[in-house]
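To keep things clear, I will list the structure first and then write my remarks on it.
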Number of protein chains: 2
Amino acid sequence: MNVVNDSPRRQELIRVAAQLFVQEGFDRTTVRMLAQQMGIKSGSLFHHFRDKQEILCAVIEEGTQNALAMAREALAQCDNDAQMRLHAMARAHLQTLLTDRNAHVVALYEWRRLDGDSRDHLGHLRDAYEQIWQEVIGEALEAGLIRGDKLLLSRFVLGALNWTVRWYDPDGVQSPETLASELIGMLGAPAKTPA
Amino acid sequence: MNVVNDSPRRQELIRVAAQLFVQEGFDRTTVRMLAQQMGIKSGSLFHHFRDKQEILCAVIEEGTQNALAMAREALAQCDNDAQMRLHAMARAHLQTLLTDRNAHVVALYEWRRLDGDSRDHLGHLRDAYEQIWQEVIGEALEAGLIRGDKLLLSRFVLGALNWTVRWYDPDGVQSPETLASELIGMLGAPAKTPA
DNA sequence: AGGCTAACCAAGCAAGCGCTAGTGTAAATG
DNA sequence: CATTTACACTAGCGCTTGCTTGGTTAGCCT
């Protein structure tokens with residue numbers, strides 16, 4: 001049992017695991033299935049991960065880190081216009097949900113299968129992400145673009161956005177761009193896109 | 001293996017199963033755990049249910065039927081005022097989410113563990129429920145209370161509402177009533193409650 | 001050439017899983 | 001009274017699970 005922390009092999013394992021966890025669910029995905037999908041034997045997995053839990057943790061961390069980075073980048077490329085920042089956040093969220101779809105679905109559905117320590121660690125990451133949302137929504141409130149309670153608004157908006165993984169068809173006609181516009185349009189603010 | 005369809009014993013089993021499925025997840029809940037919680041032996045369970053899958057199906061059906069009934073009742077006690085009907089739907093949804101919390105959480109999280117037949121059967125039930133939502137939202141659109149695409153609106157709204165099971169605290173200050181008002185208020189329509 | 005290491009394999013253990021077969025029993029039913 | 005029904009029990013079969021152990025391979029560095 002060696003467990004290296006960052007290798008291309010491990011990255012690949014995480015990717016394949018994410019896909020399997022979505023297809024079958026965490027509990028129904030056996031180490032043998034994952035191993036076979038990688039063309040190795042089940043025992044060899046434990047050279048890369050301490051146990052099955054660690055694989056789940058790695059998958060979710062991957063997705064959450066990306067979402068966080070994407071949100072920060074999206075905001076950095078924005079003026080201080082509250083409307084545009086709100087729109088950028090929604091767009092970034094939907095884009096992450098698309099590009100890292102598997103990881104995010106796992107995060108949404110298998111969160112409770114995490115043990116205490118992992119949940120703690122990943123919980124902080126998620127909190128940081130939601131914090132950003134609350135700030136941007138706070139700005140939009142001050143600018144009078146939307147109305148309601150800041151905390152409630154962010155929860156409702158995140159709920160609506162996360163729910164998209166249930167029905168959104170990446171090959172369909174709707175782009176994350178238009179979806180974001182529609183959502184914000186419903187909140188009482190007319191759509192406005194960055195120049 | 002006898003399998004009776006409606007007995008008080010079976011109802012109780014469904015209730016306890018729902019709670020366990022929420023606590024542990026469907027896959028991690030063993031027939032032995034459920035049996036012990038009921039004070040019987042694991043083999044005795046299969047007098048009431050054909051197999052473990054059927055328990056899951058029963059739990060979800062219970063919740064969905066109740067939601068459907070509650071929505072219809074809520075609408076029946078409404079005038080034809082589109083605003084009030086919208087509000088009634090949101091309130092009913094949140095109330096169901098509270099009273100049948102376990103069953104609904106199971107429906108949201110363990111849907112994919114259903115086999116093909118159950119998924120088919122329960123899918124129709126769920127479709128009927130979402131159909132009602134779309135109609136009410138359609139009315140609200142015609143009345144000019146909200147704006148956006150009918151299908152998208154219902155998906156976003158349902159997403160926001162269902163997401164509440166993640167953060168809503170039944171012992172907190174917010175009642176389903178106020179939550180419903182807040183949500184609809186965000187959509188651009190001022191809150192209005194039935195007389 | 002020799003040593004080191006990441007990556008893998010073969011084999012299997014101990015525990016736990018869903019489910020079945022066959023039986024017992026007390027209450028309801030004819 | 002005899003029979004059926006509802007519910008539970010005992011005992012265990014056959015299988016899968018996550019994970020361990022001890023050893024092998026191939027490539028790299030010096």
Side-chain angles (χ1 to χ4, degrees), chain A residues 1-60 106 110 112-119, chain B residues 1-60 106 110 112-119:
Chain A
M1 185 197 334
N2 234 331
V3 187
V4 185
N5 265 342
D6 259 338
S7 71
R9 200 67 180 147
R10 192 181 147 109
Q11 286 294 316
E12 177 71 3
L13 272 163
I14 293 175
R15 231 204 64 244
V16 174
Q19 192 210 320
L20 274 174
F21 289 167
V22 169
Q23 248 174 52
E24 313 281 335
F26 175 69
D27 291 322
R28 281 175 133 84
T29 302
T30 68
V31 292
R32 282 167 241 261
M33 288 164 82
L34 177 53
Q36 198 188 12
Q37 200 85 179
M38 290 289 293
I40 60 180
K41 297 296 174 182
S42 72
S44 310
L45 282 178
F46 299 90
H47 169 76
H48 301 275
F49 299 92
R50 201 175 303 113
D51 52 26
K52 200 188 167 193
Q53 276 275 337
E54 196 177 279
I55 308 181
L56 176 60
C57 186
V59 165
I60 297 184
V106 171
E110 315 285 358
R112 290 168 315 160
R113 272 67 178 177
L114 289 167
D115 59 51
D117 290 342
S118 307
R119 210 191 310 227
Chain B
M1 186 198 329
N2 232 331
V3 185
V4 184
N5 266 340
D6 258 338
S7 70
R9 199 71 180 146
R10 191 180 148 110
Q11 286 295 314
E12 177 71 3
L13 271 163
I14 292 176
R15 232 205 64 245
V16 174
Q19 192 209 321
L20 275 174
F21 290 167
V22 169
Q23 247 174 54
E24 311 282 335
F26 175 69
D27 291 322
R28 281 171 133 84
T29 302
T30 69
V31 290
R32 281 168 242 261
M33 288 165 80
L34 177 53
Q36 198 188 12
Q37 201 84 181
M38 289 290 292
I40 61 179
K41 299 296 175 183
S42 72
S44 310
L45 281 178
F46 298 92
H47 168 75
H48 302 275
F49 300 93
R50 200 174 305 112
D51 52 27
K52 201 187 166 194
Q53 275 277 337
E54 195 178 282
I55 308 180
L56 176 60
C57 185
V59 166
I60 297 184
V106 171
E110 315 284 1
R112 290 168 315 159
R113 272 70 179 173
L114 289 169
D115 59 52
D117 290 343
S118 308
R119 208 189 314 228

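Here is how names work: the chains are called A, B, and so on, in the same order as the sequence lines, proteins then strands, and each is numbered from 1.
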Once you round it to whole Å, what is the distance between [atom2] of [N] and [atom1] of [X]?
X      : N       : atom1 : atom2 : answer
E24(A) : dT16(D) : CD    : P     : 15 Å
R50(A) : dG18(D) : CZ    : P     : 18 Å
K52(A) : dG16(C) : NZ    : P     : 16 Å
F26(A) : dT17(D) : CZ    : P     : 13 Å
L20(B) : dG18(C) : CG    : C1'   : 16 Å
D27(A) : dT17(D) : CG    : P     : 12 Å
M33(B) : dG18(C) : CE    : C1'   : 14 Å
F46(B) : dC19(C) : CZ    : C1'   : 5 Å

Within a strict 4.5 Å, meaning less than it, do heavy atoms of the [X] and [Y] side chains meet?
X      : Y      : result
R28(B) : M33(B) : no
I55(A) : F21(A) : yes
V31(B) : F46(B) : yes
F49(B) : I14(B) : yes

Mind grabbing the angle between the end helix axes of the helix from dA1(C)-dT30(D) to dG30(C)-dC1(D)? Five pairs an end, 10° rounding.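 Roughly 20°, once rounded to the nearest ten degrees.
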Reading nucleotides 8-15 of chain D from the 5' end, what letters show protein touch, with B for base, S for backbone sugar-phosphate only, - for no heavy atom under 4.0 Å? SBB-B---
Is there a salt bridge (charged side-chain N to carboxylate O under 4.0 Å, His left out) between R15(B) and E12(B)? Walk through the geometry before answering. CA-CA 5 Å; R15(B) 232 205 64 245; E12(B) 177 71 3; 2.8 Å; yes
Non-neighbouring partners of D115(A) that pass salt bridge (charged side-chain N to carboxylate O under 4.0 Å, His left out), sequence neighbours left out: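 Salt bridge (charged side-chain N to carboxylate O under 4.0 Å, His left out) list for D115(A), sorted by chain: empty.
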Where V59(A) and A18(A) come nearest, the two heavy atoms and their spacing: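 Looks like CG1-CB, 3.7 Å.
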So with a 6.0 Å cut-off around CD of Q23(A), is the heavy-atom count from everything else above 12?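 Yes - once you tally the heavy atoms of other residues, nucleotides and ligands closer than 6.0 Å, there are more than 12.
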Apply the test salt bridge (charged side-chain N to carboxylate O under 4.0 Å, His left out) to residues K52(A) and E110(A): give CA-CA distance (whole Å), side-chain angles for both, the deciding distance (0.1 Å), then the verdict. CA-CA 13 Å; K52(A) 200 188 167 193; E110(A) 315 285 358; over 6 Å; no
